[in-house]
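Lettering follows sequence order; numbering is per chain, from 1. Only a predicted model underlies this, so the values are computations on that prediction, with no experimental measurement involved.
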Amino acid sequence: MQTNPNQPWREWLEAEAQEREDAADAAFASLMAEAPRVEVSAAFVERTMSAVRSRRARERRLQWAARTVAAVAVAVTAAAGVWAGGALLADALANVLLAAVRGLLWTTEAMGGGLRWWAVLARFGSAIGTAAATPLSMAVLVALQVVGALAMYGMKQLLGDEQAAQEEARV
Amino acid sequence: MAPGVKFMTLLSSDADLAKQALAGSEDAYRVLVQRYAGPAVNLATRMVRDRALAEDLAQEAFARAFDRLASYNADYKFSSWFFQILHNITVDHLRRKRVPSVSLDELQEAGHPGFADPVRLAAPDAAAEHGQLSAALSAALAHLRPEYREVVVLRYREELSVEEIAGVMGIPAGTVKTYLFRARKEMADLMNTAGWGRPPVETPSGNRP
């Protein structure tokens with residue numbers, strides 16, 4: 001068999017040696033185009049489709065589970081909110097009534113000695129603080145902060161996934 | 001081919017198939033898998049240098065692409081979008097496993113096909129030139145850095161443009177050009193070292209010595 005001096009590999013190597021970049025690129029492209037292709041079996045395609053199907057089924061199961069968990073969480077939160085909200089409201093009403101009675105007595109007493117507005121404001125703030133700062137209200141506030149932080153974390157994860165998907169879509 | 005795959009599906013464009021698959025057509029996605037299975041396994045094999053692992057990575061890429069079909073923009077090539085997913089999966093795998101640059105001696109000792117020692121690349125031989133040339137090119141390609149191998153495969157086998165490769169790999173187009181240039185030069189050096197660059201010497205019988 002006689003060697004053909006015009007074969008792509010010879011053209012490529014000669015073009016590279018002579019630094020003819022365009023010719024080298026063209027010859028290399030034609031050389032690579034002739035290289036044998038990787039063959040995949042029909043079994044690979046079937047395995048892949050099977051993986052796609054099972055992944056889709058898993059995704060559906062996960063979505064269903066996530067929706068169930070979310071629904072339960074919403075229901076529990078709503079029930080807890082109603083219970084805690086009712087207790088808080090009753091507590092607050094009692095405190096407000098108590099503060100109102102005390103305020104009335106103090107105002108009546110103070111009117112005898114002359115009103116000082118800064119003292120009135122200080123008493124007013126103190127009464128509100130006392131009424132609001134119950135253990136239950138603190139617990140509700142902390143719970144709301146925890147729920148808020150978890151929601152922010154979940155949102156960040158969702159946005160991250162969405163951003164990655166958008167980056168792929170841009171290509 | 002699975003029974004029931006319509007003839008029109010086979011002739012459809014990638015974008016149409018992706019749209020049909022998104023609407024729930026498994027046959028449409030099967031045709032896409034058939035179209036890109038070879039290129040995907042080829043690219044992954046070049047990157048991880050392990051055929052079985054490459055098939056696993058390609059399979060994962062197809063599954064992930066199916067999950068994200070809604071994010072595919074049909075104004076762009078499906079192949080570029082898909083190769084980006086495969087690239088990310090493969091690079092993640094390489095980073096996670098911290099795959100070392102396996103020496104070609106080790107690959108050869110492990111009996112890995114197609115990865116001859118580049119220093120001992122098959123020299124040109126008139127009797128089996130084409131086969132030896134393929135083996136020599138494969139070995140030279142395997143000797144390159146993973147990112148060089150990837151640009152060579154995407155550019156010269158999958159015929160993606162420099163800009164598309166830049167999108168797939170997430171690097172500037174100028175860097176892709178540099179990688180392509182250096183990859184070609186390194187492969188040429190390896191081929192020359194193995195004797196492929198010598199001028200042809202004809203023997204009286206017409207064969208090279």
Side-chain angles (χ1 to χ4, degrees), chain A residues 1-19 21 23-60 62 161-171, chain B residues 2 26 29-30 33-34 37-42 45 51 55 58-60 62-64 66-68 70-73 76-77 80-81 83-85 88 124 126-127 129-130 133-134 137-138 152 155-157 159 164 167-168 170 180-181 184-185 187-188 191-192 196-197 199-200 202 206-208:
Chain A
M1 183 177 165
Q2 187 149 344
T3 304
N4 178 4
N6 295 321
Q7 283 169 325
W9 61 267
R10 187 165 297 287
E11 288 177 25
W12 166 47
L13 293 177
E14 284 174 1
E16 294 285 8
Q18 293 161 12
E19 297 186 346
E21 298 306 327
D25 185 68
F28 186 69
S30 119
L31 188 62
M32 292 299 287
E34 285 179 12
R37 295 258 162 200
V38 168
E39 297 292 336
V40 292
S41 64
F44 171 79
V45 174
E46 288 313 311
R47 277 203 313 275
T48 301
M49 290 309 296
S50 173
V52 167
R53 273 193 296 271
S54 40
R55 191 170 174 134
R56 188 163 52 170
R58 196 176 68 228
E59 289 291 325
R60 282 177 180 164
L62 279 175
D161 287 350
E162 186 66 22
Q163 193 174 12
Q166 282 174 355
E167 279 169 9
E168 279 164 9
R170 276 201 294 275
V171 178
Chain B
E26 191 177 296
Y29 199 64
R30 184 190 301 276
V33 171
Q34 284 167 337
V41 173
N42 183 44
T45 304
R51 174 64 187 258
E55 288 197 0
Q59 192 170 297
E60 170 64 18
F62 280 118
R64 196 175 293 182
F66 187 83
D67 286 345
R68 297 183 180 175
S71 71
Y72 166 59
N73 183 347
Y76 299 91
K77 283 167 77 174
S80 300
W81 178 76
F83 282 134
Q84 190 192 22
I85 293 173
N88 291 340
E129 198 163 80
H130 188 70
L133 176 61
S134 293
L137 280 171
S138 282
V152 166
R155 179 77 188 98
Y156 298 108
R157 295 308 301 263
E159 298 178 351
E164 286 167 343
V168 167
L180 283 169
F181 175 80
R184 234 184 45 222
K185 294 290 175 197
M187 285 183 72
M191 297 291 279
N192 281 324
W196 287 85
E202 301 296 332
N207 289 331
R208 286 154 57 99

**Q.** Phe181(B) versus chain A, the contacting section by heavy-atom distance below 4.5 Å
**A.** side chain
Q.
What part of Asn42(B) gets within 4.5 angstrom of chain A, counting heavy atoms only: side chain, backbone, both, or neither?
A. both
Q: Check each atom of Glu59(A) against the heavy atoms of chain B and say whether the ones under 4.5 Å are side chain, backbone, both or neither.
A: side chain
Q. Do NZ/NE/NH1/NH2 and the carboxylate oxygens of Glu21(A) and Lys185(B) come within less than 4.0 Å?
A. yes
Q) Out of curiosity, Phe66(B) CZ to Met49(A) CE, how far, rounded to the nearest 0.5 Å? A) 7.0 Å
Q. If you draw a 6.0 Å radius around CD in Glu19(A), do more than 12 non-hydrogen atoms from other residues or ligands fall strictly inside?
A. no
Q | Which portion of Ala42(A) sits near chain B, non-hydrogen atoms under 4.5 angstrom | A | neither
Q.
Using side-chain heavy atoms (C-beta onward) and a distance below 4.5 Å, is Leu180(B) in contact with Asp25(A)?
A. no
Q: Identify the heavy atoms of Tyr156(B) and Met32(A) that sit nearest to each other, and give their distance.
A: CB-CB, 3.7 Å
Q: Please state whether the side chain, the backbone, both or neither of Glu159(B) comes within less than 4.5 Å of a heavy atom of chain A.
A: neither
Q. Rounded to the nearest 0.5 Å, what separation is found between the CE atom of Met191(B) and the CZ atom of Arg10(A)?
A. 10.5 Å
Q.
A side-chain contact here means heavy atoms from C-beta on lying under 4.5 Å apart; do Gln34(B) and Thr48(A) qualify?
A. no
Q. Are the side chains of Trp9(A) and Leu137(B) in touch, meaning some heavy atoms are under 4.5 Å apart?
A. no
Q: Would you name the heavy atoms of Ala37(B) and Phe44(A) that are closest together and state the gap between them?
A: CB-CE2, 3.6 Å
(Q) So for Ala17(A), is it side chain, backbone, both, or neither that comes closer than 4.5 Å to the heavy atoms of chain B? (A) neither
Q) Roughly how far, to the nearest 0.5 Å, is the CZ atom of Arg47(A) from the CD atom of Glu55(B)? A) 5.5 Å
